[in-house]
Amino acid sequence: MNARTQAAPERSGAAPRREAVIDLDAFRHNVRTLSELARPAETMLAVKADAYGHGMVPLARAALEAGASSLAVLDIPAALALREAGITAPVFAWMHDPDALFGEAAEADIDLGISAVWQLDAIAAAGASRAPRVHLKVDTGLSRNGATEEDWPGLVQAALDSERQGVVRVHAAWSHLADASPEDDAVALARLHRAVAVAEDLGARFELLHLAASSAGIRMPEARLGLVRFGIAAYGISPFDDRTGRDLGLRPVMTLRAPVVSVKRVPAGHGISYGLTYRTAAESTLALVPLGYADGIPRIAGGRSEVWINGKRHPIAGRIAMDQFVVDVGDDEVAVGDEVVVFGEGDRGEPTAEEWAGFADTIGDEIVARVGERVSRVYLGESEQER
Ligand SMILES: *Cc1c(COP(=O)(O)O)cnc(C)c1O
């Protein structure tokens, strides 16, 4: 397997080797699994937030190789970055502020999610030489962006007017689910169908409808419609509380690791880290790991989390600091330079990002997406095309 490191900004020969190893074979396996499940619906792969912390461009390429037909990024700058990387597949961006680069987006053939009439006006004002495809968004209950039921006919009418003027091409109607319960999601699906009927009465003809992300894409076949926007499941993390990624046939993609940088033997009753909230039960060996909350390790997990060193789990002792944490390895052998796995695939017994979500009272999405910029992304399983 070949590996390549994408330099972290703080690169220097002396910086500790903090690494997020990204297994592109695992990712491609997940994308293939999900896109086969969703068929005949197409798969749009969400690579927003730097591909949930995994690195946008390599993951975007791998997604397209493995069966995704389009990509979702939050905003226009991320979409343009994919174009600059040479990606020609459809790219969808849906969060815009009044200064958004609608003209550049149109020229780069970016698909735009549209939630309000002012966005159509801004596209017209940009005066681009080509009309972008727009996906009109209706709010079906999540209460983020998307037109309300009252505003929807006005948005549709404005989009049809823009289309007549050659400013946009009306392509899709879409929404996003609250993932609260299957019943809530069914109500949202009915709202989308109702909004489509309203739009059709106004003369709209949509080529595509989309609603589901990972959760409904997996458990709610009737919500798959023309396309599923898969995100977290493709990174090997379950969207459900009661099933792991492994239960769903998915493989975790990210392994977070760093070397031990200090080892010391201390007596019983020795206090550890800020506040001295942890004391050794007996004489013990302490290992220092150069990862902290500035690297995305949740501070709340201090004292209730474990890491993997030399084939065993050991507890994080005391508070997690900005740049480091201490592990109490008891009487086990550990040396400076030994590898510490914070989370990984889980098949050797190391914690997974899903377990870390439990340590930190959050979801696995947050555990991977918050991994910081000082951590180098190292890619395994790159194809020739990606190199
Ligand atoms: C993040 C996001 C997705 C992907 O969601 P997952 O739950 O990670 O699969 C899909 N659509 C929209 C609009 C999103 O913001």
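Nothing fancy with the numbering, it's 1 onward along the sequence. Just so it is clear, the structure is predicted and the values come from calculations on it, not from any experiment. Each ligand, and each atom within it, is numbered from 1 in the order the structure gives.
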Pick out the protein N or O atoms lying less than 3.5 Å from any N or O of ligand 1, and list each pair with its distance.
from	atom 1	to	atom 2	distance (Å)
ligand 1	8 (O)	Tyr52	OH	2.6
ligand 1	8 (O)	Ile232	N	2.8
ligand 1	9 (O)	Ser214	N	2.9
ligand 1	9 (O)	Ser214	OG	2.5
ligand 1	9 (O)	Gly231	N	2.9
ligand 1	9 (O)	Ile232	N	3.4
ligand 1	11 (N)	Arg229	NE	2.8
ligand 1	11 (N)	Arg229	NH2	3.4
ligand 1	15 (O)	Lys48	NZ	2.6

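Rounding to the nearest 0.5 angstrom, the gap separating the CH2 atom in Trp152 from the CG atom in Leu136 is 5.0 Å. Taken to the nearest 0.5 Å, the CG atom of Asn310 stands 9.0 Å off from the CD atom of Glu333.
Under a hydrophobic-cluster definition in which Ile, Leu, Val, Met, Phe, Trp and Tyr are linked whenever side-chain heavy atoms come within less than 4.5 Å, directly or via other members, Ile237 and Phe359 are assigned to the same cluster. Note: the hydrophobic cluster containing Val167 also contains Val117 (ILVMFWY, side chain heavy atoms under 4.5 Å, direct or indirect links).
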- Task: Let me see the working for Arg18 and Asp323 under salt bridge (Lys or Arg N to Asp or Glu O under 4.0 Å), right down to the final yes or no.
- Result: CA-CA 11 Å; Arg18 309 175 187 95; Asp323 309 303; 5.7 Å; no
- Go through the steps to decide whether Leu120 and Leu155 satisfy the test side chain to side chain contact (heavy atoms under 4.5 Å, CB included), and finish with yes or no. CA-CA 9 Å; Leu120 295 166; Leu155 179 65; 4.0 Å; yes
